[in-house]
A.B. asks: 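Once you've had a glance at the structure underneath, I'll fire off some questions.
Every chain is numbered from 1, with letters handed out A, B, ... down the list of sequences. Since the structure is predicted, the reported quantities are computational estimates derived from the model, not experimental observations.
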Amino acid sequence: MTAAEAPLVSVTAIRRHFVSGGGLLARRKVTRAVDDVSFGIAAGETLGLVGESGSGKSTLGRVIVGLLAATSGQVAIAGQAVGGARGGARRALWRRVQMVFQDPYSSLNPRLTVRDTLAEPLRNFGIARGADADRRIREALDACGLPASAMTRHPREFSGGQRQRIGIARALIVRPDFIVADEPVSALDVSIQAQIINLLQDLKAAFGLTYLFIAHDLAVVRHVSDRVAVMYRGKLVETASAEMLYARPAHPYTQLLLRSVPMPDPRAEAERRKRTAASEIAHPQATAGGCPFHARCPKARFPLCGEQAPPLAAHASGHRVACHFPG
Amino acid sequence: MSAPLLSIRELGVSFPRKEAPSTTVVEGVSFDIMPGEIVGIVGESGSGKSMTARSVLRLLPKSAELSGSIRFRGREIPEMTDEEIRDMRGALVSMVFQDPMTSFNPVLRIGDQIGEAIALHDRARRGRRALRDRVAKLLALVGIADPAERARSYPHEFSGGMRQRALTAMAVANSPALLIADEPTTALDVTVQDQVLSLLRELNENSGTAILLITHNIAVVASLCRRVIVMYAGRVIEDGPTDEVLTAPRHPYTWSLLQSVPRIDQAGTRLTAIKGQPPDPATPLAGCKFHPRCPWAEQRCGEQEPALSPIGEAHGVRCWLPMNGIAAAAQ
C-alpha cells in the first residue's frame, strides 16, 4: 500500500465498550473490548488480526461488518463512512462487506436448504430472484468447490469442511469487495483447514477480494496475511508486514506470542525451547493505568510504563508499535 | 529392560446399532507405555484417539463394546471390579480433559475439590491443616500465585488457563504413575499452552510420571513426546520415535498431515491439502482406510488392509507402499 493510495477499508478511532452491572447493589463496570483502534486495509490486501481470547479481535470484526454498533469511531469503505449513509446508499455499502464465521455448525440455519441460504442475501440486497438467483447460486457453489446438487440439501447433510464452504459461498454470492473472516478454520480438522485456506486464497485471486483475517493461530495468520495487526486488551500493539512482524517483532507482547508457539519439527522445537524460559512475569508495581501489557512485560520500566499508555507510533517503514521501549 | 507400565493389545471399541452392523471406532490398537515415558497419540476427529485413552480408565460411554487387552502393571483393567477401578483412578492413573470448566464442580471451592481428590487416596490420613498445605503446594507447583488464597476461589473466578493448571494439579495430586492428558492445551491461548506444556515436562522429569498425550496438534507432540502414535479411522497407522515420524514419515497420511500444516517459521507457499474427508465409521470400507484420499494408492490398497509392520528400529507403519522417508525431508 502506497501512501497516496486510499485504503479500501479504513477504521478510525473505533471504541466498543460493554457495560455490565449497574443495578441497585452492583457497581457499573465498563469493559473496553475495543479501545481506540485505527487502521486501513488496501484493496487486494489480507490483513491478519491476531490476539488471544479476550483481546477484542472478534468484537472489532463484528463492529467492522456492522453486526455490532461502535460506541464511537468510524468505519469507511472506499472513502464512504458507513455510519453516515442511509437507505439505499447504506445497503449498497453493506453489500460490499461480508463475513465468514468460525462455526459452520451454528452460523447456518438448519431448516433452510443450501439454495434458500444462498438466495436470502440475493433477495435482501435486491440482486436476483428465480432462475437468475439459481444461476448465481450454482456459480457460487462451484467457486467454493461444491456440486450444484448441494442446493436441495440441508446443512446437517454436510461435513464441517463442506459447511464452511457453504458459509463462504453465502458471503461470496453478493460479490463483495471485502470479507471479514473470523477464525474461519479453527473449528476444522487439520487436513480440512488446509483445503479451506487454499480456497480462501483462490477466491481472493479470482475475485480480487480484500480480507480481514481474524485468528489466534499465528502460523495460519503468517501463511495467509500480507500484513498483520496484533491486538492486546482492546488495543493494537503492533502492525507490520507479515514478513517483518514474524522476523523482527518489536513489541514485547508480540515477541512473547511468537516465542510461545511450538513447532512441528522436533529439532526446531528443541531449539525454541532452549531459547524460551517459560516464566510469567508479574510486576508488583503494576497499576490500573498505563500500557495494557506492563504488568506482564519483561521490559517494563516504572513509573513510565505503568502510568502512560504508549501510542501506536512508527518504528520502521510500514511498522508501527505501541511501546515505550520497542525492539 | 523394565516391564511396560501400560500394555494395550488388539484394543477394539464399537457401538452396537439397531438392525445394522455395529459401528467400529477403534480396531486392533496395540502399544506399550514404559515407566516415565511420554507418548503422544495424534489424529483428527473420529480417529479413535480419545476413545483409546478413555478405555484405559474405563470412561467409555455405557453403550460401548470393548475388546482386547489393557494391562496396567500387568493387571487386566477390563476385568477389575468397580472398587479396584476407583482405587486406581486418581492414585495410579489420572486424566486431564480438554475443557477445564466442565471438569470442576462449579459450586465448590477449587481447593476443596483438590483436597477431596487427595483425601480419597490418602494413606497418610492427613488432617485438615496438612491437607490445606498440600493443596497450596500443588497450586504453587502449577504456577498459581498466592496459592493459599486462590485455593478459596470458585472455578468461575479462575481464567481458562488457571483452571487447566488447577485441574492438572488435581490430576497429579497423588503422583500417579501415568497421566492421561486428552487435548490438555486445545482450549488455551498460546502463551498459556506453553506454560502447561512446561508443567507437564517438569512433572515427568521430577516425578517420573509417564504421560499419554492425546492431541490433534503435531507441534505439541514435537514439543513433549519422545514417541508418537498416529491414528486414522480407528487404526494406528504409524508408530515410532517423534524425531523420525515428524521429519521422515513413512505413512502417506502422516506425510500429508505434515504438509497441510502452515509453519510459523516459513513464509506461505501453497499448502498441500488432503483431498476428501475421513471415512464414515458406520459405512464399512475395504482395504486401507486412507486409500480413497491417498495420492499413491494402488489396486491392492483398496482390497486388502495392510498390517502395522516394523520398518525401522521401534518404528512401525500400516501401509503397502511405505514412503522412503526422504520425501518429507525435501519439503
Side-chain angles (χ1 to χ4, degrees), chain A residues 46 50-55 158-162 185-199 201-202 216-226 242-243 246-247 253 256-273 276-280 282 296, chain B residues 42-47 143 145 159-161 185 187-195 197-199 201 216-226 228 241-247 253 256-278 280 293:
Chain A
T46 297
V50 299
E52 297 185 285
S53 47
S55 62
F158 296 90
S159 67
Q162 286 172 319
V185 299
S186 60
L188 305 174
D189 267 323
V190 175
S191 71
I192 309 298
Q193 264 192 16
Q195 294 176 5
I196 299 299
I197 290 171
N198 285 346
L199 173 64
Q201 293 191 309
D202 290 345
H216 72 282
D217 186 323
L218 291 142
V220 169
V221 166
R222 168 165 201 178
H223 186 81
V224 302
S225 305
D226 302 306
E243 207 187 331
Y246 283 78
Y253 176 63
L256 171 70
L257 272 186
L258 294 176
R259 269 204 310 272
S260 303
V261 181
M263 306 213 202
D265 182 317
R267 278 170 295 218
E269 171 58 15
E271 280 301 309
R272 180 191 74 88
R273 286 221 313 274
T276 317
S279 58
E280 190 78 340
R296 294 171 68 189
Chain B
V42 65
E44 300 182 90
S45 39
S47 62
S159 69
T185 62
L188 304 179
D189 280 325
V190 52
T191 53
V192 183
Q193 166 172 286
D194 205 36
Q195 292 167 19
L197 292 179
S198 297
L199 171 66
R201 203 175 290 119
H216 70 285
N217 188 333
I218 292 163
V220 167
V221 169
S223 183
L224 206 60
C225 306
R226 293 279 296 278
V228 58
T242 308
D243 287 348
E244 263 177 60
V245 175
L246 297 189
T247 56
Y253 173 67
S256 309
L257 203 58
L258 287 165
Q259 292 288 307
S260 60
V261 186
R263 295 272 307 254
I264 194 159
D265 52 349
Q266 284 166 15
T269 47
R270 193 175 171 83
L271 298 174
T272 313
I274 307 177
K275 63 179 184 184
Q277 53 210 3
D280 175 3
R293 306 175 77 188

A.B. asks: For chain A, which of B:Gly46, B:Pro262, B:Ala145, B:Ser256 has the most heavy-atom pairs under 4.5 Å?
C.D. replies: B:Pro262

A.B. asks: Determine the minimum heavy-atom distance between B:Ser260 and A:Ser191, stating which atoms define it.
C.D. replies: OG-CA, 4.1 Å

A.B. asks: So what's closer than 4.5 Å to chain B heavy atoms on A:Glu243: side chain, backbone, both or neither?
C.D. replies: neither

A.B. asks: Just wondering, do B:Ser223 and A:Arg273 contact through their side chains at under 4.5 Å, heavy atoms?
C.D. replies: yes

A.B. asks: Could you look at A:Ile197 and say if it's the side chain, the backbone, both or neither that has a heavy atom under 4.5 Å from chain B?
C.D. replies: side chain

A.B. asks: Exactly one of B:Asp265, B:Thr247, B:Ile218 should register a side chain to side chain contact (heavy atoms under 4.5 Å, CB included) with A:Pro264. Which one does?
C.D. replies: B:Ile218

A.B. asks: Within the 4.5 Å heavy-atom criterion, are A:Glu52 and B:Val190 side-chain neighbours or not?
C.D. replies: yes

A.B. asks: Measure the spacing between CD of A:Gln201 and CG of B:Leu271 and express it to the nearest 0.5 Å.
C.D. replies: 7.0 Å

A.B. asks: A:Asp265 versus B:Leu246: any side-chain heavy-atom pair under 4.5 Å?
C.D. replies: no

A.B. asks: Please report the closest heavy-atom contact between A:Pro262 and B:Ala219, naming both atoms and the distance.
C.D. replies: O-CB, 3.3 Å

A.B. asks: Going from CZ on B:Arg263 to NE2 on A:His223, what distance comes out if it is rounded to the nearest 0.5 angstrom?
C.D. replies: 13.0 Å

A.B. asks: With chain A as the partner, which of B:His216, B:Arg201, B:Gln277 has the greatest number of non-hydrogen pairs under 4.5 Å?
C.D. replies: B:Arg201

A.B. asks: Side chain to side chain contact (heavy atoms under 4.5 Å, CB included) with A:Ser260: which of B:Asp194, B:Val192, B:Asp189?
C.D. replies: B:Asp194

A.B. asks: Which atoms form the tightest heavy-atom contact between B:Arg293 and A:Gln195, and what is the distance?
C.D. replies: NH2-NE2, 4.5 Å

A.B. asks: Begin from the C-alpha positions of A:Asn198 and B:Arg270 and carry the test side-chain contact (heavy atoms from CB on, under 4.5 Å) through to its verdict.
C.D. replies: CA-CA 7 Å; A:Asn198 285 346; B:Arg270 193 175 171 83; 3.5 Å; yes

